[in-house]
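Inspection log for the structure reproduced underneath, given as structure tokens.
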Amino acid sequence: MRRDFVPLHRSTQRKIRTMIRDEAAFGSFLDNVRRFVRENAIPREAEVEERDEVPDDLVQTMREAGFFGWSIPEEYGGAGLTTEELVLAALELSQCSVAFRARVGTNTGIGAEGIVVDGTAAQKERYLPRLASGEWTSCLGVTEPDAGSEASNVKTIARRDGDVYVLDGEKRYITNAPIADLFTITARTEPGTKGAKGVSAFIIERGAAGLTTGKPYRKMGQAGSPVGSIFLDGCRVPAENLLGGQPGVGFRTVMKALNKQRIHLAALSTGPAIRMLELAIDHARTRVQSGAPICEHQLVQALIADCQTEIFAARSMILETARRRDRGEDVTLEASMCKYFATEMCGRVADRCVQIFGGAGYVADYAPIERWYRDVRLFRLYEGTSQIHQINIAR
């Protein structure tokens, strides 16, 4: 035996296991997700693109199937999925148009996670059941004109006025802001502080005096997923809606939510790669050039092999990191690596798949690969650009 090889202790070996609580029940759950994707969502992707919204009947179908509450605890009406279960479900749901997973994504991710991890008992009782059922849609407002990758550079101000806080500021590029019923907003509660210090988080309901949202932006891709601005002009928020009931820790709460969400987003970036490769292989089997289907040409095979290999690598990273998180390990580094690798991988797969389609891949009338190419470009920008993650990983 090599002297530098240390076999795993038996107790450690037992810990390296999946975090799926009931294999049979979870298998049925995934089957239902796949059925929705194949039978309900994919046939109506073009409609979503044309209308720039997910039709109400499909939103209702997702509500009834419990899609909005995947990572919300069971005691509040959610599915209480472990991190591993969540990413496996995300790998399936994200194989249809990005708009579908974005419609439920803030409730299963950043829009609810802050309340799950740090909310008071009263906040959880009031808001989580509504989010889990899909009655309300949530969003997270952190990014500002001068606070993007440097999310701690918050300029939105919250000042205490008796039993309320008064907020003034603007949030930008917020997914689901135009349709949200519930907003988690970061604001500086300690004047003169810089960075993360003095940043608090607030839960604000649609209809609160002084809160308005802008029209959905025109975007490069991701039609059907509304993104917009949030305006706070003397917005009055009850002090009891200070997230967690404690001022000055809002940035820490956001980072807790993002740590899990980056693993989730990595899975949501891998599902599209799986779908795009499936489309490209189907095309390569039927497109004939030089007397043979192009899938028989070696350079096309090389493109397919590179895609398949990188998808496998991303999936493996994501599952390993999810299991570590479920075991209670600190996965800050691994979550950043997953987000960085999976989103960049997805972009490379999109480019190769368009190449396999050739000219047809550039024409929207022919195949959905053109839409996917535009849709997945955003993955490398939000929840930390690739460059920010490179810096985080190096540090």
Side-chain angles (χ1 to χ4, degrees), residues 29 32-33 36 53-81 85-86 89-90 93 99-142 164-165 167 171 174-186 200-213 224-228 230 232 235-245 250 253-254 256-258 260-261 264:
F29 169 84
N32 288 334
V33 177
F36 170 81
E53 67 176 359
V54 179
D56 289 342
D57 65 302
L58 288 177
V59 175
Q60 184 59 30
T61 298
M62 290 191 287
R63 287 191 185 107
E64 293 170 358
F67 283 20
F68 284 86
W70 281 357
S71 55
I72 293 174
E74 291 176 298
E75 58 263 40
Y76 301 106
L81 298 186
E85 291 169 341
L86 177 64
L93 181 59
F100 290 100
R101 70 89 181 156
R103 185 65 182 82
V104 303
T106 49
N107 283 32
T108 61
I110 54 176
E113 189 65 20
I115 302 173
V116 171
V117 297
D118 277 345
T120 65
Q123 289 166 353
K124 292 178 180 180
E125 287 286 348
R126 176 168 176 78
Y127 297 116
L128 292 182
R130 289 175 171 176
L131 297 179
S133 68
E135 175 191 351
W136 281 9
T137 295
S138 63
C139 72
L140 173 66
V142 175
V164 302
Y165 282 89
L167 278 66
K171 302 294 182 177
I174 309 302
T175 300
N176 281 344
I179 61 172
D181 304 285
L182 193 69
F183 305 78
T184 298
I185 301 291
T186 55
S200 303
F202 296 87
I203 306 169
I204 310 177
E205 299 178 22
R206 167 85 63 182
L211 182 146
T212 57
T213 54
S225 172
V227 179
I230 303 169
L232 303 153
C235 179
R236 299 179 69 81
V237 182
E240 64 192 32
N241 280 31
L242 175 67
L243 182 53
T253 296
V254 168
K256 287 180 186 178
L258 285 177
K260 178 180 179 181
Q261 177 61 11
H264 185 202

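The structure places CG of Leu93 at 12.5 Å from CZ of Arg103, a figure rounded to the nearest 0.5 Å. Separation of atoms CD (Gln60) and CE (Met62) is listed at 10.0 Å; rounding is to 0.5 Å.
Without hydrogens or angle criteria, Arg63 side chain to Gly134 main chain gives a donor-acceptor distance under 3.5 Å. With Asn241 contributing its side chain and Phe202 its backbone, the two residues share no donor-acceptor pair below 3.5 Å. Proximity of a side-chain donor or acceptor of Lys171 to a complementary backbone N or O of Thr186 within less than 3.5 Å is detected.
Residue Cys235 comes nearest to Ile204 through the heavy atom pair SG-CG2, 4.1 Å, listed as atom of the first residue, atom of the second, then distance. Nearest heavy atom pair, residue Ala180 against residue Cys139, reads CB-SG, 3.8 Å. Scanning both residues, Ser225 and Thr175, for their nearest heavy atoms gives OG-CG2, 4.1 Å. Ala89 and Val33 make their closest contact through O-CG1, 4.2 Å (heavy atoms, listed as atom of the first residue, atom of the second, distance). In terms of heavy-atom proximity, Ala132 sits nearest to Gly78 at CB-N, 3.8 Å. Here the closest non-hydrogen pair linking Arg206 and Thr213 is NH1-OG1, 2.9 Å.
Checking Glu125, Arg126, Lys124 one by one against Leu128, the side-chain contact (heavy atoms from CB on, under 4.5 Å) holds for a single residue, Lys124.
The side-chain hydrogen bond (donor to acceptor under 3.5 Å, both in side chains) pairs that include a residue from residues 65-79 number zero, where partners must be two or more places apart or lie in different chains.
Under the 6.0 Å cut-off for aromatic ring centres, Phe100 and Phe67 do not qualify, their centroids lying 6.0 Å or more apart.
Using a 4.5 Å heavy-atom cutoff, the side chains of Tyr127 and Asp181 are not in contact.
Taking Phe183 as the reference, nothing meets the ring pair (Phe, Tyr, Trp, His ring centres under 6.0 Å) condition, with sequence neighbours excluded.
A salt bridge is absent between Glu205 and Arg130: the closest approach of a Lys/Arg side-chain nitrogen to an acidic carboxylate oxygen does not fall below 4.0 angstrom.
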Let me check something: any side-chain donor-acceptor pairs from residues 106-119 under 3.5 Å, sequence neighbours excluded? List them with distances.
unit_1 : atom_1 : unit_2 : atom_2 : d
Thr106 : OG1    : Ser138 : O      : 2.6
Thr106 : OG1    : Asn176 : ND2    : 3.1
Asn107 : OD1    : Ser138 : N      : 2.9
Asn107 : OD1    : Ser138 : OG     : 2.9
Asn107 : ND2    : Leu131 : O      : 2.9
Asn107 : ND2    : Trp136 : O      : 2.8
Thr108 : OG1    : Val104 : O      : 3.4
Thr108 : OG1    : Gly105 : O      : 3.2
Asp118 : OD1    : Lys256 : NZ     : 3.0
Asp118 : OD2    : Thr253 : OG1    : 2.6
Asp118 : OD2    : Lys256 : NZ     : 3.3

Show your working on side-chain contact (heavy atoms from CB on, under 4.5 Å) between Val237 and Ile185 and close with a plain yes or no.
CA-CA 11 Å; Val237 182; Ile185 301 291; over 6 Å; no

